[in-house]
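Numbers restart at 1 for each chain; the letters A, B, ... are given by sequence-line order, proteins then strands.
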Protein chains: 2
Amino acid sequence: MNRREEIIDVAQRLLEVEGPESLTMRRLADELGIQAPSLYKHVSGKSEIEAALQQRALRQLTEALAGTPDLPALAAAYRRWALAHPRLYELSTRQPLARDRLAPGVEVEAAAAVLRLAGGDLPTARAIWGMAHGLVDLELAGRFPPGADLDEVWRRAVTTFSASRAPDPDGRVGPGAAGRAGG
Amino acid sequence: MNRREEIIDVAQRLLEVEGPESLTMRRLADELGIQAPSLYKHVSGKSEIEAALQQRALRQLTEALAGTPDLPALAAAYRRWALAHPRLYELSTRQPLARDRLAPGVEVEAAAAVLRLAGGDLPTARAIWGMAHGLVDLELAGRFPPGADLDEVWRRAVTTFSASRAPDPDGRVGPGAAGRAGG
DNA sequence: CTCTCATGGCTAACGCTGTTAGCCCAATGG
DNA sequence: CCATTGGGCTAACAGCGTTAGCCATGAGAG
């Protein structure tokens, strides 16, 4: 059990420091001083390692988001974590989630935070989530032109959602203390 | 020259129909009735094929976006194209753009459209772009819960940006030449 | 008509990947 | 004292992208 954790640890370090092309079963084994096939005594395959890393990533991201008082702070924390752990973020996003392996509530927790800050409106919360993910993804993929002022983009993105306090058609308007906080 | 086009054609079909794991040099050669090494007489490597597919994807996406009169139509066209060509969209996004190979103006053109619909404000245009990409990316990766009403999410996203006609704090409502909103 | 040479195939092979089969040693527990 | 099992090992397989080098065909030049 302990060896498994050790394997995941080394895998994370390898991924974050040397990039995904270095996260190889043989390389991983080398780093642990054993042979590649021995890894399979602790782990079912590479995909399990990746799933574990995804789980870690989501947990850490969630923790980084915890306690942010308003939308600007939440957005800033999201972007900050993603830029600090780009490979981990990318890995965690390029997989169908593996909901079964996921510690229950990890994602729900983060989602709840966004939802609260979105004034309780689920579609708005998801739109915000999508925007945050999209901006990070484009930035990490290097798809913005070199000189782009991304701080300003995020500021604009956040203020747009802060300004228009979702006029819910069915009247369920979150009075959301957070609503005005960032405004 | 013609054979090269044929190769890219088959590669696109293979990618779109059977998925990225089937887009293999040997499989591609099989499909063309030749041996894998013969492909290198027309193409420098797999990465060149992928770059060509990325270029095609961006061109087609741009065309799909052309002529959309307003933000809702633009967003709908964006999402529609991405969902119709998921593998192509994914491939085109998981690469640093290959700006050199890109037909000049292809992306700038699309960027200009977004910029115009964003009232000429560059950061807002980029925020919109990020949101559209993020929502599509999350949807394609299957990261929304099964029952999520994504139509509603997009509606909310679009109306949010439509509602708040960016009141720039310093009055800088850029007439902003279409320079480059996209990267 | 012949010679040359580029075009576009071919086979063999290399080094890499994830993964499986099967062996073996050491420690633990009845 | 013996059995079981945990955790290592080597050998090997199939598949990946890619390179080296050989050979047939066809077109243009002398």
Side-chain angles (χ1 to χ4, degrees), chain A residues 1-57 87-88 90-98 100-101, chain B residues 1-57 87-88 90-98 100-101:
Chain A
M1 327 300 175
N2 211 352
R3 203 72 215 262
R4 208 194 97 108
E5 290 300 308
E6 196 181 350
I7 290 175
I8 310 294
D9 284 347
V10 175
Q12 176 171 352
R13 206 201 60 207
L14 219 42
L15 173 67
E16 296 206 75
V17 175
E18 304 198 23
E21 72 281 355
S22 291
L23 184 49
T24 272
M25 296 302 272
R26 282 175 176 81
R27 179 67 201 284
L28 187 50
D30 260 22
E31 217 73 17
L32 287 157
I34 61 177
Q35 293 299 112
S38 300
L39 291 171
Y40 291 80
K41 288 291 162 80
H42 309 277
V43 141
S44 75
K46 192 182 183 182
S47 65
E48 184 183 329
I49 297 177
E50 290 171 336
L53 290 180
Q54 182 191 42
Q55 184 176 343
R56 281 195 182 189
R87 326 277 201 177
L88 215 47
E90 286 173 4
L91 178 73
S92 80
T93 196
R94 314 238 174 294
Q95 275 183 270
L97 225 293
D100 41 341
R101 293 186 194 282
Chain B
M1 327 300 177
N2 210 355
R3 202 73 215 261
R4 209 194 98 106
E5 290 300 309
E6 195 181 350
I7 290 175
I8 309 294
D9 283 347
V10 175
Q12 176 171 352
R13 208 202 58 208
L14 219 42
L15 173 68
E16 294 206 75
V17 174
E18 303 199 23
E21 72 281 354
S22 292
L23 182 50
T24 205
M25 295 301 271
R26 285 175 173 83
R27 178 68 202 282
L28 187 50
D30 260 21
E31 218 73 15
L32 287 157
I34 62 179
Q35 293 298 114
S38 299
L39 291 172
Y40 292 79
K41 288 290 164 75
H42 305 88
V43 141
S44 74
K46 194 183 183 183
S47 66
E48 183 183 329
I49 296 176
E50 290 171 336
L53 290 181
Q54 182 191 44
Q55 183 175 345
R56 280 195 184 188
R87 325 278 200 176
L88 216 47
E90 286 173 4
L91 177 72
S92 82
T93 195
R94 313 237 174 294
Q95 275 185 269
L97 224 312
D100 41 340
R101 294 187 194 282

Donor/acceptor link under 3.5 angstrom from B:K41 side chain onto base of C:dG9: yes
Spacing of B:Y40 atom OH relative to C:dA12 atom P, expressed in whole Å: 18 Å
A:R4 CZ to D:dG7 P, straight-line distance once rounded to whole Å: 13 Å
Using a cut-off of less than 4.0 Å, is there contact between a side-chain N or O of A:T24 and OP1 or OP2 of C:dT17? yes
Answer yes or no: is there an ion pair linking A:E90 with A:R94, defined by an N-O contact shorter than 4.0 Å? no
Could you give the distance from CZ (B:R3) to CG (B:D9), rounded to the nearest 0.5 Å? 11.5 Å
What is the distance, rounded to the nearest whole Å, between atom NZ of B:K46 and atom C1' of D:dT19? 18 Å
For A:E21 and A:P37, find the nucleotide of DNA chain C closest to each by heavy atoms; which residue's nucleotide sits nearer the 5' end? A:E21
For D:dG7 and A:S38 - does any side-chain N or O of the residue sit under 4.0 Å from the phosphate oxygens OP1/OP2? no
Going by heavy atoms closer than 4.0 Å, what residues in residues 25-36 of chain A are next to DNA chain C? A:M25, A:R26
In whole angstroms, the gap separating P of C:dT7 from CG of B:L39 amounts to 17 Å
Using side chain to side chain donor-acceptor pair (under 3.5 Å) as the criterion, point out the one residue from B:K46, B:H42, B:E48 that pairs with B:S44. B:E48
Can you tell me how far apart CD1 (A:I7) and CE (A:M25) are? Round to the nearest 0.5 Å. 8.0 Å
What integer distance in Å separates B:I49:CD1 from D:dG17:P? 9 Å
Within the pair A:H42 and D:dG6, is there a side-chain N or O less than 4.0 Å away from OP1 or OP2? no
